[in-house]
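Since the structure comes first, as structure tokens, the remarks are kept for the end.
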Amino acid sequence: MQDRGNANLRSRRSFLAATGSATGLAALGMPGRLLAAPAEINVGVILPLSGANAQFGINSRQGLELVADELNAAGGVKSLGGARIKLVIADATSQPTTAATVAQRLITSNRCTALIGAYASSLTLAVSEVTERRGIPLLTMSFSDILTERGFKNIYQVVSKGSVLGQAQYDYAAAVVAGADKIKKIALMYEDTAYGSSQAVGVRNAAKKAGAEIVLDEAYPLGITDVTPLISKLRGSDAQLVFPISYLNDSLLIIRVMRQQKLTLPVVGGAAGYVIPDFAKALGPYAQGVLSIAPANYDQQPEHTERYRKRYGTFMPHEALEHAVCLGVLAQALEAAGSDKPEAVSKALRGPRFDQGWAGVMSGGGVQFDAAGLNTLAQPVMVQWQNNELVSVWPRELAKGKLITAAQGA
């Protein structure tokens, strides 16, 4: 009986000694997180991996997997004892309600520190409502202006917002396409989604400011199956340039019908469907010379982006690049926070400049979020299809090649 009492006493003393040592380490400024550092950090990824936008989701997933593998191979998050990044990937389909449900599951069942996604603005808007309520940081490359205009504290948009991209879509075209001839008439056609509507505002405002007449301003439903009436209106509009804003399937229909009808006026696309490898694969010579705005382009930092080509066999599309940037920035924030707690990570994201590694691949040279969560360093770039590659042609300081002026899609 006495031996049992002595054993209990020794056990209590050992416990007190151990806890006292831990307290002492904390008092000396040792990072307490290292005492219980996680082996893995769950990062939720929500993307459209099925349906009409599946290829964008697949490209995005590939960019994220590339960066996660590189980060883990380099030792993981060192301030958290080398914790590895674990991507927990879920399909948002193309339905905002599904995206919101998936977000809820990732947070509650998978205990994700942060979420990345969801490519399409309509999906991201739904996800952001969930992450904001739960205090989980959400990093996105979606365009919609609304994302960072609601006063949310946990949203981080690494690209320029849609209206800024739309303004650059017009202004850059005026600089490189019109030359000495001022643009007098333009056509604007866009899908009636959060992405299309936000970007159309920028094109519309820039054109009006420049004194150009918008002779066609037409919204159409996502997934349109017959663009012939739209192209007929374009033919009768007498526009000098057309600014279409659409995802892949719609962009293919628009350009194919235009070129089949011998309508060769310059096209200045609104990113998305106009800057994906499948665009040139599907259209062949019709793609040659087509211009588009893009939030970033792979030819700005080939020392990073060529690793994607080596692994997956195509150039790195902008959605893959910007999702890679999202994860690169998140990894640096985790390193700075020394914690996998969502509130600590969110605090670490807002304010500092992130320009090392993948974070520096953005065309503005890095990422720095303002109080609203918008990247203040983001700078759009105009690209052109030349020999099945996307070449940055404007602004001058970002140009990697010259504009080709031969008849487009001849």
Side-chain angles (χ1 to χ4, degrees), residues 47-60 62-63 94 118-124 141-144 159 162 165-166 168-169 173 187-200 202-203 218-227 230-231 234 241-260 263 266-298 314-323 380-386 388-390 408-409:
L47 294 167
L49 297 172
S50 59
N53 286 332
Q55 192 57 57
F56 296 107
I58 292 167
N59 294 342
S60 301
Q62 290 177 170
S94 296
Y119 177 73
S121 291
S122 58
L123 302 177
T124 307
M141 50 68 61
S142 295
F143 295 176
S144 176
V159 296
L165 286 163
Q169 189 178 349
L188 172 61
M189 54 180 72
Y190 59 97
E191 60 170 59
D192 58 357
T193 62
Y195 144 65
S197 299
S198 286
Q199 199 157 323
V203 175
E218 192 87 6
Y220 66 86
L222 171 64
I224 189 171
T225 56
D226 182 10
V227 298
L230 196 62
I231 303 307
L234 176 62
L241 286 86
V242 58
F243 295 85
I245 303 169
S246 42
Y247 290 124
L248 179 62
N249 291 343
D250 298 349
S251 72
L252 296 179
L253 279 174
I254 289 168
I255 301 303
R256 186 177 287 117
V257 173
M258 279 183 63
R259 297 321 188 204
Q260 287 173 347
L263 195 57
V267 174
V268 185
Y274 298 89
V275 288
I276 188 172
D278 299 68
F279 181 82
K281 287 179 186 176
L283 292 176
Y286 288 161
Q288 181 74 359
V290 170
L291 287 154
S292 181
I293 199 66
N297 195 40
Y298 63 94
T314 69
F315 67 72
M316 192 173 198
H318 84 83
E319 65 272 12
L321 186 160
E322 291 141 18
H323 276 100
V381 59
M382 178 156 281
V383 297
Q384 186 180 43
W385 282 101
Q386 299 180 10
N388 295 321
E389 294 285 328
L390 281 174
Q408 298 183 29

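Computed from heavy atoms alone, side chains included, the values below leave out hydrogens, waters and symmetry copies.
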Measuring from atom [atom1] of [X] to atom [atom2] of [Y], what distance do you get when rounded to the nearest 0.5 angstrom?
{"X": "Glu389", "Y": "Thr314", "atom1": "CD", "atom2": "OG1", "result": "9.5 Å"}
{"X": "Tyr220", "Y": "Leu230", "atom1": "OH", "atom2": "CG", "result": "7.5 Å"}
{"X": "Asn59", "Y": "Glu319", "atom1": "CG", "atom2": "CD", "result": "4.5 Å"}
{"X": "Tyr298", "Y": "His318", "atom1": "OH", "atom2": "NE2", "result": "13.0 Å"}
{"X": "Asn249", "Y": "Glu191", "atom1": "CG", "atom2": "CD", "result": "10.5 Å"}
{"X": "Ile254", "Y": "Arg259", "atom1": "CD1", "atom2": "CZ", "result": "11.5 Å"}

Test side-chain contact (heavy atoms from CB on, under 4.5 Å) applied to Pro48 - qualifying residues, sequence neighbours left out: Asn53, Tyr119, Leu123

Any Ile293 side-chain heavy atom under 4.5 Å of Pro380 side chain: yes

Pro266 side chain near Leu291 side chain, heavy-atom distance below 4.5 Å: no

Trace of the side chain to side chain contact (heavy atoms under 4.5 Å, CB included) decision for Val227 with Met189: CA-CA 11 Å; Val227 298; Met189 54 180 72; over 6 Å; no

Any donor-acceptor N or O pair under 3.5 Å, side chains Ser121, Ser144: no

Looking at [X] and [Y], what are the two nearest heavy atoms and their distance?
{"X": "Ala219", "Y": "Asp192", "result": "CB-CB, 4.3 Å"}
{"X": "Tyr247", "Y": "Leu222", "result": "CD1-CD1, 3.7 Å"}
{"X": "Gly57", "Y": "Leu47", "result": "O-CD1, 3.5 Å"}
{"X": "Ser50", "Y": "Ser94", "result": "O-OG, 4.1 Å"}
{"X": "Pro221", "Y": "Asp250", "result": "O-OD2, 4.2 Å"}
{"X": "Ile245", "Y": "Gly196", "result": "CG2-CA, 3.9 Å"}

Derivation and outcome, side chain to side chain contact (heavy atoms under 4.5 Å, CB included), residues Ser197 and Tyr190: CA-CA 7 Å; Ser197 299; Tyr190 59 97; 4.3 Å; yes

Derivation and outcome, side chain to side chain contact (heavy atoms under 4.5 Å, CB included), residues Leu321 and Met141: CA-CA 10 Å; Leu321 186 160; Met141 50 68 61; over 6 Å; no

Hey, can you pull the donor-acceptor pairs under 3.5 Å for the side chains in residues 270-281, sequence neighbours left out?
| unit_1 | atom_1 | unit_2 | atom_2 | d |
| --- | --- | --- | --- | --- |
| Tyr274 | OH | Ser246 | OG | 2.8 |

Side-chain (Gln199) to main-chain (Gly162) donor-acceptor, under 3.5 angstrom: no

Donor-acceptor contact below 3.5 Å, side chain Thr124 vs main chain Ala118: yes

Residue pair Gln169, Leu188: steps toward the side chain to side chain contact (heavy atoms under 4.5 Å, CB included) verdict: CA-CA 11 Å; Gln169 189 178 349; Leu188 172 61; over 6 Å; no

